Amino acid sequence: MTRGKQKIEAQKRNAERNQKPKGSQLEARAVALKVSCPICKVQLANQNQLSDHYTSKHPKEKAPSNSE
């Protein structure tokens, strides 16, 4: 009968692992995303990503300077 007991315990462990994490990640996301594109309002993590975003998404526009 040990296999039956092991199976039940394994199912309990898997159920605990597969539970969704409690809470929201919105606060962590807001802290991480500090720069936003003034044209399309997409949020980016830093100024380097903003300049890369400008070269790919807004090639005719000039990227803003690093003044924050």
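Worth saying up front: this structure is predicted, and the values here are computed from it rather than measured.
Every residue meeting the side-chain contact (heavy atoms from CB on, under 4.5 Å) condition with E9, not counting sequence neighbours, appears here in chain and number order: K5, R13. Qualifying side-chain contact (heavy atoms from CB on, under 4.5 Å) partners for N18, counting only residues two or more places apart in sequence or in other chains: N14.
Interatomic distance, CD of E27 versus CD of Q25, reported as 9.5 Å (0.5 Å rounding). For the atom pair CG of L50 and NZ of K34, the computed distance is 14.5 Å after rounding to the nearest 0.5 Å. Expressed to the nearest 0.5 Å, how far OG of S51 lies from NZ of K62 amounts to 12.5 Å.
Applying the ring pair (Phe, Tyr, Trp, His ring centres under 6.0 Å) rule to pairs touching residues 28-57 yields H53-H58, Y54-H58, sequence neighbours excluded.
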Practice task
Let me see the working for Q43 and V35 under side-chain contact (heavy atoms from CB on, under 4.5 Å), right down to the final yes or no.
Solution key: CA-CA 6 Å; Q43 294 179 337; V35 180; over 6 Å; no
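The shortest heavy-atom contact between S56 and P59 is O-CD, 4.3 Å.
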